[in-house]
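These numbers come from the heavy atoms of this one structure, side chains and all, not from hydrogens, waters or symmetry mates. Counting convention: from 1, in listed order, for ligands and their atoms alike. Throughout, residue positions are numbered sequentially from 1 according to the sequence presented.
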Amino acid sequence: MTASPQVSAGDETELLAAFDAVIERHERIEPRDWMPERYRSTLVRQIAQHAHSEIIGMQPEGNWIARAPSLRRKAILLAKVQDEAGHGLYLYSACETLGVSRDELTRMLIEGRQKYSSIFNYPTLSYADVGTIGWLVDGAAICNQVPLCRTSYGPYGRAMIRVCKEESFHQRQGYELLATMMRGTDEQRAMVQESVDRFWWPALMMFGPPDADSPNTEQSMAWGIKRDTNDELRQKFVDMSVPQAKALGVTFPDPALVWDEDRGHHDFGQPDWDEFTQVVKGGGPCNAQRIAHRARAWDDGAWVREAATAFAQADA
Ligand code: BYC
C-alpha cells in the first residue's frame, strides 16, 4: 500500500523508520507494505522500462524467425523470442502490484513517456546478429539482472530469478551459434566479426550512463533497488566477455582494451555517449520502427483483450 492521505505526519515518520529498517536489514518490501512515494515511482519507472525492453526486444530477433537457416535454429530462436514475451509479462505483473495497469504502461511506452533499452534501436542485418545478441546482449542482461534477484522489492526480485535462468540459456545458444559459424567458412567468420563490431559499443551502453552522469544510481543503491552501479556492472561485463571472445576467435573494436595488472581488471574505452543520448531520446536507427510496430501489435490485439474481458465477466 502506498502513502495514503489519511496518514498523519507522526505516523509517516514511524512508517518511514520501519521501511528504512527493512532496507537496512536487506529484507524485502512487499506490495502491501508502506513505502515512500518516490521508492514506488522509481520502481515503476525501472520495472516498466525493463518490461518494455523485453517486449520491444522481441522485434530485432523476431525479424529472423522466418529466415532461420535450419529447422533447429528456427526452433531455438522461436523459443527464445517467446521467452522474452514471458519475461515482459512477469515484469508487467510485478509493476501492476505497484498500482499501475498494463494498459497504462503500454500507453506510456507508445506515447514515448517511458523508455526501453537503447540496444533494441539497432538493426539486425545478418543471422550472425542472432548469435551476437544472445552472447553479448543477453550476456549484458545477465550481468545486470543477477544482482536484481536481490533487489529490495519482492515481486521484482522473484521475477528476476526465472528471467535469469532463461537468459542463461539465451546466452549459451548465442555463443553456440557464433562458435558454429566460426568453424565454418571465411565468409561466415567475417559475418561474425562484423556483427560483433556493430554490437560491442551498444552492448556497453546497456548498463546506462557513467556513474558520474547517472541521476538515479545513488538513491536506487541506497534503497537496495540496484545492488551495483552502472560502471561496476559494465566492468564486470567487459572482464567476463574478453576471454569468451578469445575462445571464439573474435576481437572487440576497442584499441584501449587491455588487461590492467594493478587493478586486476581490463581497461577499456568509452562508448560514444552522445550517440547513447540520441538513441535514448528517440533518434536511433530503429526507434520509430520499433514503436510503430508495437503500436500496431497493440491495436491488432484489441479484440483479444475485449473477448477475454467479456469472457471473464460472463463467467463471474
Ligand atoms: N537504454 O540514472 P540512470 C533483455 C535511462 S531486456 C535506455 O543510470 P537507472 C533482452 C534511465 O532510464 C533487459 N535508457 O538510470 C530482451 C534514466 O532515464 P529516466 C533490459 C537508459 O534506472 C530481448 C537515464 O537514462 N534490462 O535482456 O538508475 C532480447 C539515466 O540513467 C539506458 C533492464 O531494463 C539504456 N541502456 O539505471 C534480448 C534492466 N540506461 O528513466 C535481451 C533493468 C539508462 O530517469 N534496469 N537509461 O528518464 C536497470 O538496471 C536500470 O534501469 C539501468 C539504468 C541500469 C538500465
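- Which parts of ligand 1 touch Met205 is read off a 4.0 Å heavy-atom cut-off, strictly below it: atoms 36 (N).
- At a heavy-atom distance under 4.0 Å, only side-chain atoms of Gln46, from C-beta outward, approach ligand 1.
- Close placement of the His52 and Tyr92 rings is indicated, their centers lying within 6.0 Å of each other.
- Remark: Arg38 is not positioned above the aromatic ring of Trp223, lacking an NZ or CZ atom under 6.0 angstrom from the ring centre and at most 45 degrees off the axis.
- The aromatic ring centroids of Phe252 and Phe268 lie 6.0 Å or more from each other.
- For Asn230, every heavy-atom contact with ligand 1 shorter than 4.0 Å involves the side chain, none the backbone.
- Taking any N or O of Glu61, backbone or side chain, none lies under 3.5 Å from an N or O belonging to ligand 1.
- The protein non-hydrogen atom at the shortest distance from atom 10 (C) of ligand 1 is Phe120 CZ, 3.4 Å.
- Counted within 6.0 Å of CZ on Arg172, heavy atoms from surrounding residues, nucleotides or ligands total 12 or fewer; the atom is thus considered open.
- In terms of protein heavy-atom proximity, atom 43 (C) of ligand 1 is nearest to His50 ND1, 3.5 Å.
- The ligand atoms of ligand 1 that sit less than 4.0 angstrom from a heavy atom of Phe207 are 55 (C).
- Short contacts between ligand 1 and Gly57, defined as distances under 4.0 Å to a heavy atom of the residue, involve ligand atoms 23 (C), 29 (C).
- Residue Glu167 places a heavy atom less than 4.0 Å from ligand 1.
- Atoms of ligand 1 found under 4.0 Å from any heavy atom of Val280, numbered from 1 in the order shown, are 7 (C), 14 (N).
- Of the protein's non-hydrogen atoms, Gln49 OE1, 2.8 Å is the one closest to atom 12 (O) of ligand 1.
- For the pair Gln145 and ligand 1, a heavy-atom separation below 4.0 Å is found.
- With salt bridges taken as basic N to acidic carboxylate O contacts below 4.0 Å, one links Arg263 and Asp267.
- Looking at atom 29 (C) of ligand 1, its nearest protein heavy atom turns out to be Glu84 OE2, 3.3 Å.
- For atom 32 (C) of ligand 1, the closest non-hydrogen atom on the protein side is Phe276 CZ, 3.6 Å.
- Inside a 4.0 Å radius of atom 21 (C) of ligand 1 there is at least one protein heavy atom.
- For a threshold of 3.5 Å applied to N or O pairs, the pair formed by Tyr156 and ligand 1 contains no separation below that value.
- For ligand 1, the polar-atom distance check against Lys226 finds a nitrogen or oxygen pair separated by under 3.5 Å.
- Taking a cutoff of 4.0 Å between a charged side-chain nitrogen and a carboxylate oxygen, Lys236 and Glu232 do not qualify as a salt bridge.
- With contacts defined as side-chain heavy-atom distances shorter than 4.5 Å, the pair Pro155/Glu30 qualifies.
- Of the N or O atoms in Ser118, one or more lie within a sub-3.5 Å distance of an N or O in ligand 1.
- Under the side-chain contact (heavy atoms from CB on, under 4.5 Å) test applied with Leu233, the options Asp228, Val238, Val146 reduce to a single match, Asp228.
- Under a 4.0 Å N-O distance rule, the pair Arg102/Glu96 does not qualify as a salt bridge.
- Atom-to-atom distance recorded for Glu84:CD and Ser53:OG is 10.5 Å, nearest 0.5 angstrom.
- Close to ligand 1: Lys80, with a non-hydrogen atom less than 4.0 angstrom away.
- In the hydrophobic clustering of this structure, Leu178 does not group with Ile76; members are Ile, Leu, Val, Met, Phe, Trp, Tyr whose side-chain heavy atoms approach within less than 4.5 Å, directly or through other members.
- Inter-residue side-chain proximity for Tyr127 and Arg73 is flagged as met; some heavy-atom pair is nearer than 4.5 Å.
- For atom 19 (P) of ligand 1, the nearest protein heavy atom (residue, atom name, distance) is Lys115 NZ, 3.4 Å.
- Ring centroid separation for the pair Phe237 and Phe207 comes in under the 6.0 Å cut-off.
- Within a 6.0 Å radius of CD in Glu187, no more than 12 heavy atoms belonging to other residues, nucleotides or ligands are found.
- Every atom of ligand 1 is numbered from 1 in the order shown, and the set under 4.0 Å from a heavy atom of Ala141 is 27 (O).
- Each of the following atoms of ligand 1 lies closer than 4.0 Å to a heavy atom of Met206: 36 (N), 56 (C).
- A 6.0 Å sphere centred on CD of Gln219 holds more than 12 heavy atoms belonging to other residues, nucleotides or ligands.
- Between atom 15 (O) of ligand 1 and the options Asp213, Asn144, Asn216, Thr151, the minimum heavy-atom separation is to Asn216.
- The contact set between ligand 1 and Tyr116, taken as ligand atoms under 4.0 Å from a residue heavy atom, comprises 1 (N), 7 (C).
- Of the protein's heavy atoms, Pro215 CD, 3.7 Å lies nearest to atom 30 (C) of ligand 1.
- Atom CG of Asp272 is separated from atom CD of Gln278 by 10.0 Å, given to the nearest 0.5 angstrom.
- The option with the heavy atom closest to atom 25 (O) of ligand 1, from among Gly174, Ser214, Pro209, Gly208, is Pro209.
- The heavy atom nearest to atom 42 (C) of ligand 1, out of those in Thr42, Asp138, Ile142, is found in Asp138.
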